[in-house]
Amino acid sequence: MPSVLEELQRVGESAEIWWDSSPLDFPRWRDRQLAGAPDPETRERWKEQLDRFLCPAAPDVSLVRGITTNPSLVAQSVLASPESWREDIQELIRYQLAPDVESTFSLVYEEALRRAAREMLPLWQSSNGRFGWVSGQLDPRLMLNADLMLEQALRIARISPNLMVKVPGTKQGYEVIRQLVARGISINSTLSYTVPQFIACAEAVETGLRQAHAQSIDTSRWRAVFTHMIGRFGANHDLRYEAAIREIELTQTDLRWAEVAILKRIHSRIRENGHPVKPLLSSLEVDDPAKGSGTLSMHLEQSAGGAIAYTCKPQFISDVMRRESELSAFDAKAIEQEVPEEILAKLMWLPSFHRAYDPVGMCPEEFAHYGSFISTYAEVMANTRKLIDFVAHQFQTVSASAQPLLLSGSGR
């Protein structure tokens, strides 16, 4: 029996399923998922589905086509298995001539990307660079400094040929994207929620490609994806606040339509203009029947049939598997369906939606000030600090006598 995600991929030939975590985390998650099956029959069905899910060493079998990660996910992966990382980090400290917390944090982060890329490399090689990509995100503390972002991006790109540099959707980030694409380096534009951000991304990519071709740089194994953090858009509290002060009733279904409306507009622009960028949906959510929803996941059902990549967190996959019986058949033309006129008209009264939906709703200087961007950035920064502190703790324990540690400024 095909899984929900296998069925989604089947109805859209250009759809791709990605794993939103390190591939090294998959076996542990799979075992937990199977252990939680409600009965033997379900467990066997889930096992068959998961045996086909992430198999980079068997490209003809694997449903997953790529991997996304970021400082938050790397931190969660490291902190979920501290014993396996502690010795490695302490060795990195000992073998640096002048070790400090910042340099060691960078080495740990790059090592995590190296391990993930190595795991996915067979899929990349067998598909001639079409699949098997691993997104390596830049340090979020650099998002407003183009020079430092470019410096780190070039280091990340050298780690493995299947590493795709993940760049924040800021004005400075799009300049970095242009420079990376001009060098033939694959990119993922992240912290993205709006149509204006997509337009800025597409312009940067196309300018970079023209520069690459003018310099005869090989782009045959080059890719670009635009991460629409779809669930985080509706989680933006600004939308509910703006609706409340305007006495507009905003249901959970309305919020889902808001998220889907932006995706549909981006997908439509790609189809009409041929932009060499593929939308990649992250922060996918299942819907709650208690809040009036009649769907398993509008994010999946309203995007079916599109040329879209879906990067799925372990929890989302778990939720979908547990509720797979609630799914109606996917409509292969769902991505082309219009947002209901009355809902779109209501949403357009909300400034946060209007700015995100209108192609000229924001200028690049405003991207980093948008509500969804700010809330996601705060979470990413918090998890980054946790990983930095874990590294700092290893400095305190690498010697026989632990001492207080003064963290010097990084100059960033």
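The chain is numbered in sequence order, starting from 1.
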Side chain S318, main chain P314, donor-acceptor under 3.5 Å: no
Residue pairs fulfilling ring-ring contact (aromatic ring centres under 6.0 Å, His included) with at least one residue in residues 44-90, sequence neighbours excluded: W19-F53, F26-F53
Criterion side-chain hydrogen bond (donor to acceptor under 3.5 Å, both in side chains) on E242 and S352, from CA distance to verdict: CA-CA 8 Å; E242 292 164 1; S352 290; 2.6 Å; yes
Distance-only side-chain donor-acceptor flag, H299 / E285, under 3.5 Å: no
T207/R210 under side-chain hydrogen bond (donor to acceptor under 3.5 Å, both in side chains): CA gap, chis, key distance, verdict: CA-CA 5 Å; T207 301; R210 287 194 295 270; 3.3 Å; yes
Residue pairs, two or more places apart or on separate chains, that pass side chain to side chain donor-acceptor pair (under 3.5 Å) and touch residues 52-62: E6-R52
Donor-acceptor contact present, side-chain N273 to main-chain R269, <3.5 Å: yes
Parallel, tilted or perpendicular: rings of Y370 and Y193 (30°, 60°): tilted
Atom pair OG/CZ of S127 and R221 - distance to nearest 0.5 Å: 8.5 Å
Interatomic spacing from CD1 in I187 to CD1 in I177 - rounded to 0.5 Å: 4.0 Å
E110 side chain to L107 backbone, donor-acceptor under 3.5 Å: no
Non-neighbouring partners of H267 that pass ring pair (Phe, Tyr, Trp, His ring centres under 6.0 Å), sequence neighbours left out: none
R10 with E7: basic N within carboxylate O range, under 4.0 Å: yes
Test item: E326 and V286 side chains (from C-beta on) under 4.5 Å apart, heavy atoms: no
Shortest non-hydrogen contact between K264 and I335, atoms and distance: NZ-O, 3.3 Å
Any side-chain heavy-atom pair of I185 and L154 under 4.5 Å: yes
Any L191 side-chain heavy atom under 4.5 Å of F367 side chain: no
Heavy-atom check, side chain of T227 versus side chain of M229, under 4.5 Å: yes
Ion pair check, K171 and E175, cut-off under 4.0 Å: no
Minimum-distance pair of heavy atoms, taken over all atoms of T68 and K166: CB-NZ, 4.1 Å
Test ring pair (Phe, Tyr, Trp, His ring centres under 6.0 Å) applied to F226 - qualifying residues, sequence neighbours left out: F198
Any K47 side-chain heavy atom under 4.5 Å of D51 side chain: yes
Any side-chain heavy-atom pair of E151 and L142 under 4.5 Å: no
Within 6.0 angstrom of E365 CD, more than 12 heavy atoms from elsewhere: yes
Residues in side-chain hydrogen bond (donor to acceptor under 3.5 Å, both in side chains) contact with D39, at least two apart in sequence or another chain: T42
4.5 Å side-chain heavy-atom contact, T104 and Q394: no
D389/R385 salt bridge by N-O under 4.0 Å criterion: no
Stepwise salt bridge (charged side-chain N to carboxylate O under 4.0 Å, His left out) check, E336 with R271: CA-CA 11 Å; E336 301 173 12; R271 188 174 61 245; 5.3 Å; no
Side-chain donor or acceptor of K278 paired with backbone N/O of E16 under 3.5 Å: no
Intermediate values then yes/no, salt bridge (charged side-chain N to carboxylate O under 4.0 Å, His left out), R115 and D88: CA-CA 13 Å; R115 294 179 185 184; D88 292 339; 2.7 Å; yes
Sequence-distant partners of Q197, side-chain hydrogen bond (donor to acceptor under 3.5 Å, both in side chains), two or more places apart: T194
E259 to G234 - nearest heavy-atom pair and separation: OE2-N, 2.8 Å
Side-chain donor/acceptor of D100 to backbone N/O of S103, under 3.5 Å: yes
Considering all heavy atoms, the nearest S135-T69 contact: O-CG2, 2.8 Å
Close side-chain approach of L296 and E301, heavy atoms under 4.5 Å: yes
Residue pair D25, S22: steps toward the side-chain hydrogen bond (donor to acceptor under 3.5 Å, both in side chains) verdict: CA-CA 5 Å; D25 294 337; S22 169; 4.6 Å; no
Short side-chain donor-acceptor distance under 3.5 Å, S268 and E272: yes
Ion pair check, E324 and R45, cut-off under 4.0 Å: yes
CD-OG distance between Q9 and S3, expressed to the nearest 0.5 angstrom: 10.0 Å
Nearest-0.5 Å distance that lies between atom CG in N188 and atom CG in N70: 10.0 Å
Nearest-0.5 Å distance, CE of residue M164 to CH2 of residue W222: 8.5 Å
Considering all heavy atoms, the nearest D254-E249 contact: OD2-O, 3.5 Å
Minimal non-hydrogen separation, Y377 against R141, with atom names: OH-CA, 4.3 Å
Spacing of OG1 belonging to T253 relative to CG belonging to D287, to within rounding of 0.5 Å: 7.0 Å
Side-chain donor/acceptor of S303 to backbone N/O of L300, under 3.5 Å: yes
